[in-house]
Amino acid sequence: MTSGNRLSSRRSALQLALAAGAALVIGPRLALADAKSVADEIKKLYGDKAATEGKIKLDVPQIAENGLVVPITVEIESPMSATDYVKAVHVFADGNPLPQVVSYRFTPECGKASASTRMRLAQTQNIICIAEMSNGTLHSAKAEVKVTIGGCGG
Amino acid sequence: MATNSVPRVRVPAQAKAGETIEIKTLISHDMETGQRKAADGKVIPRQIINKFTAAFNGKTVFEADWFTSISANPYQSFFYKAKETGEFKFTWKDDNGSDYTATAKLTVA
């Protein structure tokens, strides 16, 4: 946003102030996702199929000091045999500008359905993980991460 | 702007047949989200690595789709059940169309 002292007249300063006020009312600078947009993303992938809780170990810190680098490990209970394995895992963050974080596709060759990475979190929010098994059933898990310093320049 | 993306992988050199090994990978990359604005107010265009693939002897064993929420210099670890001697090939796909690759040999005793 332009700084006030560059403005040529008081009128435009006033207009700008009003516009800024309106922007504040409408929403924050970054359009952030919410729980609904995560639900929409899951719907896009799996329709209205219900997911049961459990089978997923979602390992994230309770408090992340730096939202730029938050470690995350997902581990899904599965024998990882040719007939019974974890097909896909999707991770979402409901308070980031875009809710998707990562999608994994496992194969029985993995031996263990576990993966770790590092993500950015803009603010304190929920991490939602959904796993698709080879027989088509869905499992989900949720964890909250408190973020002290946001990872999106905020 | 993307500087040279140098992949680094850590794969155990040897494993017993049937042993599940952990593979760790790291690649240097800005993972520009497309959300940030430069000093002139223009949005810096998105440029991230959007896909990571691991193949063993030509067969894909693990894939990850990365989105903008993945941190800069993305790290990825996963597991693999050793069966036979062979070679891993890791591929990172950049938004700009380029691929970064790395290979690692695994000897099964």
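Lettering follows sequence order; numbering is per chain, from 1. What you are looking at is a predicted structure, and each value in this text was computed from that prediction instead of being measured.
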In the structure I gave you, are the side-chain heavy atoms of B:Asn73 and A:Arg118 within less than 4.5 Å of one another anywhere?
no

Sort B:Lys51 into side chain, backbone, both or neither according to what part of it lies under 4.5 angstrom from a heavy atom of chain A.
side chain

Give the cluster check for A:Ile72 versus A:Ile76: same hydrophobic cluster or not, with ILVMFWY residues linked at side-chain heavy-atom distances below 4.5 Å.
yes

Quick one: pull up OH in B:Tyr80 and SG in A:Cys110 and give me the separation to the nearest 0.5 Å.
9.0 Å

Hydrophobic clusters here meaning ILVMFWY residues chained together by side-chain heavy-atom distances under 4.5 Å, can you tell me if A:Leu121 and A:Val38 are in one?
no

Look at atom NZ of A:Lys57 and say whether more than 12 heavy atoms of other residues, nucleotides or ligands are closer to it than 6.0 Å.
no

Indicate the atoms forming the closest heavy-atom contact of B:Ser71 with A:Arg120, along with that distance.
OG-N, 3.7 Å

Which answer fits B:Thr68, side chain, backbone, both or neither, if we ask what part of it has an atom under 4.5 Å from a heavy atom of chain A?
both

According to a 4.5 Å side-chain heavy-atom criterion applied to Ile, Leu, Val, Met, Phe, Trp and Tyr, with indirect links allowed, do A:Tyr46 and A:Tyr85 form part of one hydrophobic cluster?
no

Does the side chain of B:Phe67 come within less than 4.5 Å of A:Ser103's, by heavy atoms?
yes

Taking side chain as everything from C-beta outward and backbone as N, CA, C, O, which of these in B:Ala72 sits under 4.5 Å from a heavy atom of chain A? Side chain, backbone, both or neither.
both

What is the minimum heavy-atom distance between B:Ala64 and A:Val102, and which atoms define it?
CB-CG2, 4.4 Å

Pick from B:Lys83, B:Glu22, B:Met31: which one has the most heavy-atom pairs with chain A under 4.5 Å?
B:Met31

For B:Ile23, which atoms come within 4.5 Å of any heavy atom of chain A: side chain, backbone, both, or neither?
neither

Checking B:Ser69 side chain against A:Val101 main chain: does a donor-acceptor pair fall under 3.5 Å?
no

I need the minimum non-hydrogen distance between A:Lys112 and B:Phe79, along with the two atoms involved.
NZ-CZ, 3.6 Å

Without swapping roles, check the side chain of A:Thr117 against the backbone of B:Gln76 for a donor-acceptor pair under 3.5 Å.
no

Step through the shown structure and confirm whether more than 12 heavy atoms of other residues, nucleotides or ligands are within 6.0 Å of CG on B:Asp40.
yes

Honestly curious: do A:Phe92 and A:Leu138 fall in one hydrophobic cluster under the side-chain, below-4.5 Å linking rule?
yes

Under a single-linkage definition using a 4.5 Å side-chain heavy-atom cutoff for Ile, Leu, Val, Met, Phe, Trp and Tyr, are B:Val61 and B:Val9 assigned to the same hydrophobic cluster?
yes

Count the heavy atoms of every other residue, nucleotide or ligand shown that sit under 6.0 Å from CD of A:Glu144, and state whether that count exceeds 12.
yes

Mind checking the CG-OG1 spacing from A:Leu98 to B:Thr33? Nearest 0.5 Å is all I need.
8.5 Å

Just wondering, more than 12 heavy atoms not from B:Lys89 lying within 6.0 Å of its NZ?
no

Would you say the side chain of B:Asp65 lies within less than 4.5 Å of the side chain of A:His90, judging by non-hydrogen atoms?
no

Using non-hydrogen atoms and a 4.5 Å limit, figure out which bit of B:Thr53 sits close to chain A: side chain, backbone, both or neither.
neither

